[in-house]
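Shown next, in structure tokens, is the structure this report addresses.
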Amino acid sequence: MSWLAVAAGLLVLLAAGAASARAAHPLRRALTGAVCGVGALGAVNALAPFTGIALALNHFTAFAAVVLGAPGVLLLLLLRLVLRLP
């Protein structure tokens with residue numbers, strides 16, 4: 001893994017941590033976002049036979065789903081659409 005990918009991942013992790021630290025219950029907010037992200041990733045893959053759209057489960061997609069939550073999964077779907085990935 002390149003140092004640029006690690007640096008970008010750490011930057012996203014710090015930004016998400018700073019955003020959840022401002023909440024009244026930061027741990028609950030972080031865990032809720034992570035669970036929603038994993039649920040959204042699971043829902044996209046569970047509906048893949050009907051929609052024809054699936055996201056591979058790898059380190060990148062898992063990181064985006066856990067750290068960024070449901071908006072991260074939506075971002076992955078938009079990136080797939082823009083980049084025309086199979």
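Source: prediction; values computed, not measured.
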R80 side-chain N/O to A54 backbone N/O, donor-acceptor pair under 3.5 Å
yes
Exercise: identify the closest heavy-atom pair between L41 and V73:
N-CG2, 3.9 Å
Say you draw a straight line from CG of L31 to NE2 of H25; how long is it, rounded to the nearest 0.5 Å?
13.0 Å
Same cluster or not: L57 versus V44, using hydrophobic residues (I, L, V, M, F, W, Y) connected whenever any side-chain heavy atoms lie under 4.5 Å apart?
yes
Which value, rounded to the nearest 0.5 Å, describes the distance between L74 atom CG and L68 atom CG?
11.5 Å
I'd like to check F60 versus L76 (side-chain heavy atoms, cut-off strictly below 4.5 Å). Are they in contact?
yes
Value for OG1 (T61) from CG (L79), rounded to nearest 0.5 Å, stands at 12.0 Å
Indicate, with yes or no, if L55 and I53 share a hydrophobic cluster defined by side-chain heavy-atom contacts under 4.5 Å among Ile, Leu, Val, Met, Phe, Trp and Tyr.
yes
